[in-house]
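To start, the structure itself, in structure tokens.
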Amino acid sequence: MLRIAVLFLLVLAGCSPQLPSVRLGELDPTVPEVRVPDSGEALVVAVAGMLSPRASEPYRRLAAALAEKLGRDVVVLQRRTYADVLELLREGTAQVGFLCTLAAGKGVSEGYLRAVAAGVPYEYAPYRSVILTRADMQVRGLEDLANRRFAFVDPLSNTGFAWPQRYFRNRGVDARTFFSQTVFTYSHDRSIRALLDGFVDAAAVDGIVYFGLLKDDPGLERELRVLWESPEDPPPPMVVRSGLPEAQVSRLLAALTSLDKSLLSPLHIARFTPTDSAPYRRVWAQFLEEPHAAP
């Protein structure tokens with residue numbers, strides 16, 4: 001019988017003193033913890049913490065569908081930070097990963113990953129960075145956020161860190177001194193929750209997540225305001241380890257691109273389409289060219 005094993009290793013990772021990490025709410029107690037099978041026959045899939053455990057349930061359903069299509073066990077590993085997920089892939093604990101664009105760019109640029117499929121979002125939820133504030137705040141521009149609290153997602157998040165930092169630098173703003181406090185929340189939905197609950201005054205998140213939530217709950221538009229949006233970037237990809245046999249990659253890609261839309265729509269993804277590593281390598285190169293960018 002095919003089996004999906006879900007191993008959530010959600011650990012609070014350290015980061016720089018200027019950008020502390022915070023725990024926002026308790027982890028979902030219903031998520032099971034199991035041992036990775038010792039047979040070596042399971043396909044191990046790493047999922048970056050783009051969403052909190054409860055919100056990332058659609059990824060587990062997607063993995064279950066892949067297991068059925070591939071005819072083999074699939075183990076899903078989730079970690080809180082993108083760096084931890086990259087380490088799972090680099091060391092070979094996982095063979096496949098769902099990553100954000102910047103983290104994928106790091107892995108492919110360092111040679112241990114290749115991007116094989118991109119999750120194409122629906123038009124209503126473009127992949128771009130979105131800076132949000134609460135609608136009841138008197139904030140009309142970046143200058144109004146001086147001495148306020150700001151939430152980033154992860155040091156390797158394209159939309160939740162790289163793009164807002166680029167925006168700030170272009171406006172002559174150093175986030176470490178401009179804001180009274182900056183934090184990493186380690187998931188886009190938690191950043192939005194932190195903003196709604198008044199823990200922070202502004203947050204940078206993924207447009208797929210924010211506009212997707214807005215479609216599911218239009219009332220959010222009365223509570224949140226978009227302060228700034230970045231240009232669009234290549235959407236988050238599925239990556240595989242560079243040494244994964246081509247036959248396995250082909251079967252995996254065929255399974256992924258044939259998934260039913262009902263499995264993808266909760267992630268606000270219209271479809272997966274074949275891609276290569278070049279767009280993600282360019283995103284990482286741009287990140288490295290920026291001053292003090294590398295985490």
Would you mind reporting whether [Y] and [X] have side-chain heavy atoms less than 4.5 Å apart?
X	Y	result
Asn158	Tyr127	yes
Leu196	Leu220	yes
Phe178	Leu142	yes
Ser230	Tyr167	no
Thr101	Pro236	yes
Leu62	Leu267	yes
Val153	Thr159	no
Val96	Leu252	yes

For the pair Trp228 and Trp163, name the ring-plane relationship: parallel under 30°, tilted 30 to 60°, perpendicular over 60°.
->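 Rings of Trp228 and Trp163: tilted, 30 to 60°.
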Could you tell me how the ring of Tyr122 sits relative to the ring of Tyr124: parallel (under 30°), tilted (30 to 60°) or perpendicular (over 60°)?
->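 Because their plane-to-plane angle is under 30°, the rings of Tyr122 and Tyr124 count as parallel.
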Look up atom [atom1] in [X] and atom [atom2] in [Y], then write down how far apart they are to the nearest 0.5 Å.
X	Y	atom1	atom2	result
Leu213	Asp206	CG	CG	10.0 Å
Lys215	Tyr210	NZ	OH	14.0 Å
Ser277	Arg282	OG	CZ	11.0 Å
Arg149	Phe199	CZ	CZ	7.5 Å
Lys69	Arg251	NZ	CZ	14.5 Å
Arg148	Met137	CZ	CE	3.5 Å

Just by distance, do the side chain of [X] and the backbone of [Y] share a donor-acceptor pair under 3.5 Å?
X	Y	answer
Thr133	Ala202	no
Arg134	Glu223	no
Arg61	Leu263	no
Thr275	Ala117	no
Ser242	Gly111	yes
Gln95	Val44	yes

For Asp197 and Arg193, what are the C-alpha separation, side-chain angles and deciding distance, and is it a side-chain contact (heavy atoms from CB on, under 4.5 Å)?
-> CA-CA 6 Å; Asp197 290 347; Arg193 186 76 262 163; 3.1 Å; yes
Other residues, nucleotides, ligands: >12 heavy atoms within 6.0 Å of [X] [atom1]:
X	atom1	result
Glu143	CD	yes
Glu221	CD	no
Arg140	CZ	yes

Is there a side-chain contact (heavy atoms from CB on, under 4.5 Å) between Gln138 and Asp144 once you walk through the steps?
-> CA-CA 8 Å; Gln138 297 301 311; Asp144 297 321; over 6 Å; no
Pair Leu86-Leu99, side-chain contact (heavy atoms from CB on, under 4.5 Å): steps then yes or no = CA-CA 9 Å; Leu86 282 176; Leu99 290 172; 3.8 Å; yes
Does the pair Glu110 and Arg90 meet the rule for a side-chain contact (heavy atoms from CB on, under 4.5 Å), with working shown?
-> CA-CA 9 Å; Glu110 293 177 357; Arg90 188 195 64 77; 5.5 Å; no
Can the ring centres of Phe150 and Phe168 be said to be less than 6.0 Å apart?
->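 Phe150 vs Phe168: aromatic centres under 6.0 Å.
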Check against salt bridge (charged side-chain N to carboxylate O under 4.0 Å, His left out), Glu289 and Arg169 | CA-CA 13 Å; Glu289 287 171 359; Arg169 281 193 298 271; over 6 Å; no
